[in-house]
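A short write-up of the structure that comes next.
The structure presented is a predicted model; accordingly, all values stated were derived computationally and were not measured. Because only heavy atoms are used, hydrogens play no part in the values below, and waters and symmetry mates are left out as well, while side chains stay in.
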Amino acid sequence: MMPTILEIIVVVVVIIIITKSFRLQSLLLRSKQEMFGCQRFYRKRTDQLAPSEPQTFSLPAPLPPWPQGQGFALGKINLGELEAVKVSRFKFIWSSNTQNEKKGVTFYKPIGIPHGFYSLGYYCQSNDRPFRGFVLVAREIPSKSESTHISTGIASPALREPVDYTLVWSSNDGSEEGLQGCGFFWLPQPPEGYKSIGYLVTRSPKKPKLDKVRCVRADLTERCENYQVILDVGTRFSEFPFQVWSTRPSHRGMLGRGVSVGTFSCNSCWVPGQELPIACLKNLDPTLHAMPNCDQIHALINHYGPTVFFHPDEIYMPSSVSWFFENGALLFRKGDLIGQSIDVDGSNLPCGGRNDGEFWIDLPSGDRKNSVKSGNLVSAKLYVHVKPALGGTFTDIAMWIFCPFNGPATLKVGVMNYSLSKIGQHVGDWEHFTLRICNFTGELWSIYFSQHSGGVWVNAYDLEYIQGNKAIVYSSKKGHATFPHPGTYIQGSGKLGLGIRNDVARSNFFVDSSTHYELVAAEYLGDGVVSEPGWLQFMRKWGPTIVYDVSILPLVLRYSMANIFIKLPVELYGEEGPTGPKEKNNWVGDERG
């Protein structure tokens, strides 16, 4: 009996479904093989997967000898009862990827640990970026005297071995034949009154020896939090989801004492806000002796100070604050129609208090208004605030630049660009970028680029350098947000193709911050060491408040703007004159990002 046309169609459909199902299973099998590299999927020996010690990233130029100081760039930092050393030599343990190395994450054991120091946990990083990792190792500082030790009221040692390990996760599926090439993640179980600082990774289901790591007495630690995802193993690749994160202290900024150790966090069911089973170290040394002194600060700026490039079509240039005051800037008080001239050093500005709306600064009226809006590049300089970061193990050099005027924005909608005649403009534009310096070595570690209401940290290996170890900072056309590379950056909604356009490029308009700067604050040095200018104490607005009417937008953009606005940077809602550097959250706190 011949099959009917319908039966033939059914058979063909079934064959197609089976074929597609087989292809999907093969694809999933290959994906899991690429993710884990266990024997069941890929039989390459794990000791052949990566070099025993990875090549580390180095800055373009060697470091200079720094001026003499107390503890900066000496390789060790006193944290109170502990002394810490940064270790950057590692031995390969396990990789989450074997066939496409660039897409994987590799886990390392610190090696070359100085005598008397102990590991606190292992390190990992993505394979698609240059290697510049570190972990801290620690030793207990012997008490200077019996009375000093007793005065703490604590007789327990600062470091102790764990009492056990808990297997957090493994890439093995449970079969004995699939053990080779798999990774096993262990959380040290601390003694009572102690905290674990990091995890260990092995290639065997056998627990590590207890002497491989140390736990730290709880009062010498601080709470840490997950920061950035390094590895995300979903249920597509494993029966149990698994994530690996970098960590950072929960309390950061100038007053924070949490110290990043360089270890990672991992778990299968972490909920945002949940306290982690590991902690970071805490700097209990009140002197923060590893911070640079005044001479070392100037040496760091001279060596690392970036060159700030403005767009070739920029019409709103920076200036010095004193130039702005000298050329007619006015102080207004609520209820007064006539502004008051400002002394060149800002000494007649109301100091302290809060941003209560009683005072603000504005441009001069008449013919001088447009010339002041244009700024004065010749007088421009960077205003420098130096502060401790990550418990005094890093130094943040925040460099502020002042522009008398911020120009109107350009709105990008799909492939169309709309120049907005007024929206986004305001008087008195303060922007900044921040250099983060490692206090163990004096190396530039990263730079924070402030971008309107947010910003981003960029590692030293992703920076563009102009001379030696001096990076380039690009300032966006009219808006002055800072970026690490030339090009066009969109801030808003990528999904909607809608946002503010930031154009940056190199030009003949630039300021060299390594020579054109003024140190305005470094509170940790003590009172009177750095004289803060009078204008820095002005906590009110450096420009009047402007409220925008949606009707000034191009006609095509007015429809449903209320729904679209929530996707845009805050600059499009209206402009409150910006406050000065000291009123910003990051003056005391950490950068956003």
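Residues Val137 and Pro114 are in side-chain contact: their nearest non-hydrogen atoms beyond the backbone lie under 4.5 Å apart. Put simply, the side chain of Val201 reaches to within 4.5 Å of the side chain of Phe264, judged on heavy atoms. Side-chain contact between Val473 and Pro484 is absent, with no heavy atoms from C-beta onward closer than 4.5 Å. By the 4.5 Å heavy-atom criterion applied to side chains, Val135 and Tyr122 are not counted as neighbours. Between Leu220 and Leu79, the closest side-chain pair of non-hydrogen atoms is not below 4.5 Å. In this structure, the side chains of His303 and Leu63 come closer than 4.5 Å at one or more pairs of heavy atoms. Contact annotation: the side chain of Tyr118 never approaches that of Val213 to less than 4.5 Å [non-hydrogen atoms, C-beta and beyond].
Figure legend: Arg132 and Phe57 shown without cation-pi pairing, the cationic atom not lying both under 6.0 angstrom from the six-membered ring centre and within 45 degrees of its axis. Geometrically, Arg217 does not engage Tyr194 in a cation-pi contact defined by less than 6.0 Å to the ring centre and at most 45° from the axis.
In this structure a side-chain-to-backbone donor-acceptor pair under 3.5 Å is missing from Thr307 to Ile472. For the pair Tyr165 (side chain) and Lys209 (backbone), a donor-acceptor distance under 3.5 Å is present. Side chain of Tyr199 to backbone of Gly121: no donor-acceptor contact under 3.5 angstrom is found. Between the Thr482 side chain and the Ser475 main chain, no donor and acceptor come within less than 3.5 Å of each other. Put simply, the side chain of Ser476 gets close to the backbone of Ala481: a donor and an acceptor are under 3.5 Å apart. Panel note: side chain Thr441, backbone Glu443; a donor-acceptor pair is recorded below 3.5 Å. With Ser268 contributing its side chain and Pro241 its backbone, the two residues share a donor-acceptor pair below 3.5 Å. Looking only at distances, no side-chain donor or acceptor of His251 sits under 3.5 Å from a matching main-chain atom of Glu222. Under the 3.5 Å distance criterion, the side-chain polar atoms of Glu140 are matched with a main-chain donor or acceptor of Ala158. Checking side-chain atoms of Lys206 against main-chain N and O of Pro208 turns up no donor-acceptor pair under 3.5 Å.
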Working for side chain to side chain contact (heavy atoms under 4.5 Å, CB included), residues Ile141 and Glu81: CA-CA 5 Å; Ile141 299 176; Glu81 291 190 42; 5.8 Å; no
Glu464 and Tyr474: CA distance, side-chain angles, deciding distance, side chain to side chain donor-acceptor pair (under 3.5 Å) verdict: CA-CA 10 Å; Glu464 182 180 343; Tyr474 292 94; 3.0 Å; yes
Step-by-step side chain to side chain donor-acceptor pair (under 3.5 Å) determination, Asn78 to His289: CA-CA 8 Å; Asn78 185 329; His289 79 291; 5.5 Å; no
Derivation and outcome, side chain to side chain donor-acceptor pair (under 3.5 Å), residues Ser514 and Asn302: CA-CA 5 Å; Ser514 70; Asn302 295 155; 5.8 Å; no
Verdict with reasoning, Asn417 to Thr410, per side chain to side chain donor-acceptor pair (under 3.5 Å): CA-CA 7 Å; Asn417 295 302; Thr410 297; over 6 Å; no
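Between Phe449 and Phe433, the distance separating the two ring centers is not shorter than 6.0 angstrom. Between Phe107 and Phe185, the ring center distance clears the sub-6.0 Å criterion. In this structure, the ring of Phe134 has its center less than 6.0 angstrom from the ring center of Trp445.
Between Ser196 and Pro190, the shortest heavy-atom contact is OG-CD, 3.4 Å. Contact detail for Val458 and Leu463: the closest heavy-atom pair is CG1-CD2, 3.7 Å. Nearest heavy-atom pair, Tyr465 versus Leu59, reported as atom, atom and distance to 0.1 Å: OH-CD2, 3.6 Å. The minimum heavy-atom distance linking Leu136 with Ala84 is given by the pair CD1-CB, 4.3 Å. Nearest heavy-atom pair across Val216 and Leu159 is CG2-CD2, 3.7 Å. Across Met399 and Leu435, no two heavy atoms sit closer than the pair SD-CD1, 4.0 Å.
With sequence neighbours left out, Lys207 forms a side-chain hydrogen bond (donor to acceptor under 3.5 Å, both in side chains) with Asp164. With sequence neighbours left out, the ring pair (Phe, Tyr, Trp, His ring centres under 6.0 Å) criterion links Tyr123 to Phe90, Phe131.
Rounded to the nearest 0.5 angstrom, Glu275 CD and Cys224 SG are separated by 8.5 Å. Ile401 CD1 to Glu431 CD: the interatomic distance, rounded to the nearest 0.5 Å, is 9.5 Å. How far CD1 of Ile93 is from OG1 of Thr202: 8.5 Å, rounded to the nearest 0.5 Å. How far CG of Leu288 is from CE of Met291: 7.0 Å, rounded to the nearest 0.5 Å. Atoms CG and CZ, from Asp285 and Arg257 in turn, are 9.0 Å apart once rounded to the nearest 0.5 Å. For the atom pair CD1 of Ile278 and NZ of Lys195, the computed distance is 11.0 Å after rounding to the nearest 0.5 Å.
In summary, the side chains of Asn226 and Ser265 do present a donor paired with an acceptor at a separation below 3.5 Å, with no hydrogens or angles considered. Residues Ser446 and Asn459 bring no donor and acceptor atom of their side chains to less than 3.5 Å of each other. A donor atom on one side chain and an acceptor atom on the other are found under 3.5 Å apart for Tyr461 and Arg129. Side-chain atoms of Tyr489 and Gln451 include no donor-acceptor pair closer than 3.5 Å. Donor-acceptor pairing under 3.5 Å is recorded for the side chains of Asn502 and Gln491. A donor-acceptor contact closer than 3.5 angstrom is absent between the side chains of Trp186 and Thr166.
The existence of a salt bridge linking Arg252 and Glu225 is confirmed by a sub-4.0 Å separation between a basic side-chain nitrogen and an acidic carboxylate oxygen.
With respect to Lys412, the side chain to side chain contact (heavy atoms under 4.5 Å, CB included) criterion is satisfied by exactly one of Thr488, Ile500, Ile490: Ile490.
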Which donor-acceptor pairs under 3.5 Å do side chains of residues 386-398 form with protein atoms, sequence neighbours excluded?
from: Lys387; atom 1: NZ; to: Asn586; atom 2: O; distance (Å): 2.2
from: Lys387; atom 1: NZ; to: Gly589; atom 2: O; distance (Å): 3.0
from: Thr393; atom 1: OG1; to: Leu390; atom 2: O; distance (Å): 2.7
from: Thr395; atom 1: OG1; to: Asn439; atom 2: OD1; distance (Å): 2.7
from: Thr395; atom 1: OG1; to: Asn439; atom 2: ND2; distance (Å): 3.3
from: Asp396; atom 1: OD1; to: Arg436; atom 2: NE; distance (Å): 2.7
from: Asp396; atom 1: OD1; to: Arg436; atom 2: NH2; distance (Å): 3.4
from: Asp396; atom 1: OD2; to: Arg436; atom 2: NH2; distance (Å): 2.8

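Environment of CD in Gln274: crowded, with over 12 heavy atoms of neighbouring residues, nucleotides or ligands closer than 6.0 Å.
Aromatic ring pairs are classed by plane angle as parallel below 30°, tilted from 30° to 60° and perpendicular above 60°; the pair Trp587 and His385 is parallel. Between Phe72 and Trp66, the ring planes lie perpendicular to each other; the angle is over 60°, past the 30° to 60° tilted range.
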